[in-house]
J.: 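The structure is given below, and queries will be raised subsequently.
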Amino acid sequence: MRLHICAVGRLRSGPEKTLIDDYLQRFDRTGRALGLGPARIVEVEDKKNAGMGAEAQLLRKALPKGAVICTLDERGRVLSSPDFANKIAGWRDGGRSDLAFIIGGADGIDPSLRAEADFSISFGQMVWPHMMVRLMLSEQIYRAATILSGSPYHRV
Ligand SMILES: C[S@@+](CC[C@H](N)C(=O)[O-])C[C@H]1O[C@@H](n2cnc3c(N)ncnc32)[C@H](O)[C@@H]1O
């Protein structure tokens with residue numbers, strides 16, 4: 001199952017980008033034997049600054065057909081890392097070939113797109129900057145692969 005992190009805005013070089021690339025590379029290596037990956041970042045940019053509705057349209061166009069849609073949203077479900085890993089494994093075992101995570105822009109994700117999602121994950125009630133959410137999600141995706149492969153990276 002391929003993973004797509006679909007985000008509003010461009011993340012240029014910098015420490016967050018270096019870490020994200022590193023976690024996603026590690027995920028690709030660990031996930032291969034598990035039928036997971038590769039993971040890629042898809043960035044959309046609303047150059048006319050027309051708001052959430054326009055961003056939602058760009059995000060919809062970026063989604064692979066038939067993908068599981070999982071939004072990142074502070075109003076979503078808070079999961080443990082093993083629960084997140086099992087959620088991913090469940091979608092894979094259900095025969096889904098693409099999983100798309102959606103991260104919104106400064107105003108969040110348009111309610112119409114939120115309503116189309118299969119699932120919504122929260123990283124807590126605080127609002128995080130979108131680049132931090134990308135970074136935390138990339139790490140959790142890698143952690144999920146290590147949990148599913150039984151590697152000792154995840155310890156509680
Ligand atoms: C700066 S936030 C926008 C917050 C916006 N006010 C809202 O109501 O959604 C940018 C994006 O980061 C993600 N995000 C921010 N905080 C989050 C959290 N606690 N859990 C999950 N995703 C979060 C969401 O995808 C959000 O659309």
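In this chain, residues are counted from 1 in sequence order. All ligand and atom numbering here is 1-based and tracks the order in the structure.
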J.: Name the orientation class of the two ring planes belonging to Phe84 and Phe101 (parallel below 30°, tilted from 30 to 60°, perpendicular beyond 60°).
T.: tilted
J.: Heavy atoms only, cut-off 4.0 Å: how does Val133 contact ligand 1, side chain, backbone, both, or neither?
T.: side chain
J.: Does Arg26 come within less than 4.0 Å of Asp22, counting only side-chain N to carboxylate O?
T.: yes
J.: How far is atom 6 (N) of ligand 1 from its nearest protein heavy atom, and which residue and atom is that?
T.: Ala106 O, 4.0 Å
J.: Between Asp73 and Thr71, is there a side-chain donor-acceptor contact under 3.5 Å, judged purely by atom types and distance?
T.: no
J.: I'd like to know whether ligand 1 has Met132 as a neighbour, heavy-atom separation below 4.0 Å.
T.: no
J.: Quick one: does any side-chain atom of Ser122 pair with a main-chain N or O of Glu74 as donor and acceptor, under 3.5 Å?
T.: yes
J.: Just to check, does Gly105 reach to within less than 4.0 Å of ligand 1 when the distance is taken from its heavy atoms?
T.: yes
J.: Please state which option from Val78, Val127, Ile103, Asp73 has its nearest heavy atom closest to atom 22 (N) of ligand 1.
T.: Asp73
J.: Run the salt-bridge test on Arg114 and Asp110 with the 4.0 Å N-O cut-off and return the result as yes or no.
T.: no
J.: Looking only at distances, can you tell me whether any N or O atom of Pro129, backbone or side chain, sits closer than 3.5 Å to an N or O atom of ligand 1?
T.: no
J.: Are any of the N/O atoms in His130 less than 3.5 Å from those in ligand 1?
T.: no
J.: If the contact criterion is a heavy-atom separation under 4.0 Å, does Val8 count as touching ligand 1?
T.: no
J.: To the nearest 0.1 Å, how far is atom 25 (O) of ligand 1 from its closest protein heavy atom, and which atom is that?
T.: Leu72 O, 2.6 Å
J.: Taking all heavy atoms of Asp46 and all of Gly51, pick out the closest pair and write down the distance.
T.: OD2-N, 3.2 Å
J.: Starting from atom 9 (O) of ligand 1, what is the nearest protein heavy atom, named by residue and atom, and what distance separates them?
T.: Gly108 CA, 3.3 Å
J.: Heavy-atom distances under 4.0 Å decide this one: backbone, side chain, both or neither, for Met126 against ligand 1?
T.: backbone
J.: Judging by distance only, is a nitrogen or oxygen of Gly104 under 3.5 angstrom from one on ligand 1?
T.: yes
